[in-house]
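Data first, discussion second: the structure below is written as structure tokens.
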Number of protein chains: 2
Amino acid sequence: MFFNQVGKMALGSRLRMLSERMTEDAQLIYQLYQVDLRPKWFPVFYVLSAGQENTITAIATAIGHSHPSVSKIVREMVAGDIVVERKDESDGRKNRLELTPKGRGIAARIQDQYLDVNRAVEEALAQTHHNLWKALEEFEFLLSERSLLRRVQQQKKERESKKVKIVPYEPRYREAFYSLNEEWINTYFKMEKEDLETLGNPKEYILDNGGHILVALYENEPVGVCALIKMKNTGYDFELAKMAVTSRAKGKGIGSLLGRAIVEKARSLGAKKIYLESNTQLTPAINLYQKLGFKKVVGPPSPYERCNIQMELELDNPTR
Amino acid sequence: MFFNQVGKMALGSRLRMLSERMTEDAQLIYQLYQVDLRPKWFPVFYVLSAGQENTITAIATAIGHSHPSVSKIVREMVAGDIVVERKDESDGRKNRLELTPKGRGIAARIQDQYLDVNRAVEEALAQTHHNLWKALEEFEFLLSERSLLRRVQQQKKERESKKVKIVPYEPRYREAFYSLNEEWINTYFKMEKEDLETLGNPKEYILDNGGHILVALYENEPVGVCALIKMKNTGYDFELAKMAVTSRAKGKGIGSLLGRAIVEKARSLGAKKIYLESNTQLTPAINLYQKLGFKKVVGPPSPYERCNIQMELELDNPTR
DNA sequence: ATCATTTACGTAACTAGTTACGTAAATATA
DNA sequence: TATATTTACGTAACTAGTTACGTAAATGAT
């Protein structure tokens, strides 16, 4: 059958189809009990007969419809002499609803129908191994905890991050090192004098001074970079800097992979303390640094204008 | 929450709502993968990309939609450059469909999406006790075996048959005995001379000759009757006759209750063999007689025109 | 007391499906 | 070979919901 082939992508369709099948039968069931209601009136009718709510919006929230839907249903029910409307005296906006004598008659007669439908469904469910009613409840709960979208996003991230490789810098990544950094700097700030020099000459400014650069490859394309710059006479061993991930490769966990790799690199070089400068506007970056264990500090004055937060990470007793 | 209060009557609504919630997310998921498809196109797209079917009606049956639905979806997909149409050469009615290069590109890119969605849903389902996917399958199967309507009908019958009382004839049921029989005779045939006499004078024609009459009461109203008429010199003890149930009280199992009661009565009177006459047009009646154990026989000639079948039941060795 | 905001609800237009119906081509039948 | 039936599919109109928007009443803030 179609659904078993397509898989879970079609869960929505499958639910819709079963639902349609049930409402079709519902139509006939009302006839069976000679209850002069249309299935789509039922939720509204139920709330009114239970005496719970009696204004359009309140009913809509109670039954999980939009208010225009309730508005239309009520109009039909008024035409069918099931419900009467009357303006609220103290609040002229509200449309108070009430069952007519005919409506109350139906409410009495429908009790047997409730009973029989409940029993019929329960009898069917009792024959199943996986109870549909309970399954719906559980699934609805799971989705309210975390939406399907977020669950899929996470799967995507997990799958794609497996395709990310972190490799040491090589001269052929010089262009990428520049442009990846330029991309984010120009999005949020503007390039400064220091940027042009350091980014243009990573070998001279970073590697030759005892620093390191890691590059993240996705399908063999450089999509992220990060550098460790040697620091002297500051109490820090390295500055974590020039961290950049292209927006094209978002949602693949690249920042996190790169961050963990660069910290690991520092650790393997015997570093005890690393430092970084950033800007609080860059929330995802700050979140990442916190996850890596960095704590806010007041450090030495920065040459960069865009720096408004400084952080450090002690490696003697790493948090992770 | 609403659904737990209303109970299983709202199963249809609940399914519809979950389905809507899922399709909303689906929209966003397509965006996430930059797949230029609308969720409602998906089933058609899937069938085409799998190379299974490629005409409107065939796709419609495969995915369980109506053909106009597929027709409209295809029109949209053509506008979106996903699909091209071309007339079948040998059969001018058929509209052969094919993915465009763009469509094939999407088919390739969507693979990852299948994977992630499947995993996301399966991961969620794994956290539930009642698996929604399997529950749907089981429930769909149960409904295909016996529809919800029939299940409800049965519950109704069971509940209502408990309110039916079978009591012996009393003079105050004389009117009912006549009119209940008149009702069905006039619906299918017409009243004959014998009917007028026997039905008008049950005491004289039936009871005083050693016969018996049972009356079915529903909410203290007579809704069915049935008689045992003493037979002599025929090899039979009684004729089961004048069985009538008003159409107003259909679907309450009254015929069955009355039938079993009258057979029981005959048995308690020491009868060995009962006889009856009927007409094959009255299928529900014939079915009932068969359930009670009656077998077709060729009996003595009947005084009634409408009789075209004769049956007997041996009580020495009752089937039930 | 006045003005801005929020709330209640109706109307209009849209969506994703449906059924009903018509037409042309293909197939079956006399 | 002519005619009836079936099949494929498009169009129109309907259904049960939605979102978008407007208006009047109530409420809150200055």
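- Residues forming a side-chain hydrogen bond (donor to acceptor under 3.5 Å, both in side chains) with A:Lys156 (at least two apart in sequence, or on another chain): none.
- Applying the side-chain contact (heavy atoms from CB on, under 4.5 Å) rule to B:Lys157 yields no partners; only residues at least two apart in sequence or on another chain are considered.
- Proximity of a side-chain donor or acceptor of B:Gln153 to a complementary backbone N or O of B:Gly251 within less than 3.5 Å is not detected.
- Shown for residues 48-59 of chain B: residues whose heavy atoms fall under 4.0 angstrom of DNA chain D, namely B:Thr55, B:Ile56, B:Thr57.
- Of the possible polar contacts, none joining the B:Thr246 side chain to the B:Ala249 backbone as a donor-acceptor pair under 3.5 Å is found.
- Going from atom CD1 of A:Ile29 over to atom CE of A:Met22 covers 7.5 Å, rounded to the nearest 0.5 Å.
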Run the side-chain donor-acceptor check on residues 47-58 of chain B: report pairs under 3.5 Å with partners two or more places apart or on a different chain.
unit_1	atom_1	unit_2	atom_2	d
B:Ser49	OG	B:Phe45	O	3.3
B:Ser49	OG	B:Tyr46	O	3.0
B:Gln52	NE2	A:Gln5	OE1	2.6
B:Asn54	OD1	B:Arg96	NH1	2.8

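- Once rounded to the nearest 0.5 Å, the distance linking CD of B:Glu183 with OG1 of B:Thr187 reads 5.5 Å.
- Interface residues of residues 90-97 of chain A facing DNA chain D, ordered by number: A:Ser90, A:Asp91, A:Gly92, A:Arg93; criterion, heavy-atom separation under 4.0 Å.
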Any chance you could list the contact pattern along nucleotides 12-22 of chain C? Use B for base contacts, S for sugar-phosphate-only contacts and - for none, protein heavy atoms under 4.0 Å, 5' to 3'. -B--SBBBB--
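- When the side-chain contact (heavy atoms from CB on, under 4.5 Å) test is applied to A:Glu123, the partners found at least two apart in sequence or on another chain are B:Gln155.
- Shown here are the side-chain contact (heavy atoms from CB on, under 4.5 Å) partners of A:Ser256, two or more places apart in sequence or in another chain: A:Arg260, A:Leu288.
- Residues forming a side-chain contact (heavy atoms from CB on, under 4.5 Å) with B:Ser66 (at least two apart in sequence, or on another chain): B:Pro68, B:Ser69.
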Represent DNA chain D in dot-bracket notation, 5' to 3'. Only Watson-Crick or G-U wobble pairs with both distances under 3.5 Å count; pseudoknot-style crossings use [ ] and interstrand partners use |. ||||||||||||||||||||||||||||||
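- Every pair passing side-chain hydrogen bond (donor to acceptor under 3.5 Å, both in side chains) that includes a residue from residues 20-32 of chain B is listed here, sequence neighbours excluded: B:Arg16-B:Glu20.
- Evaluation of the salt bridge (charged side-chain N to carboxylate O under 4.0 Å, His left out) test over residues 101-110 of chain B, restricted to residues two or more places apart or in two chains, returns B:Asp36-B:Lys102.
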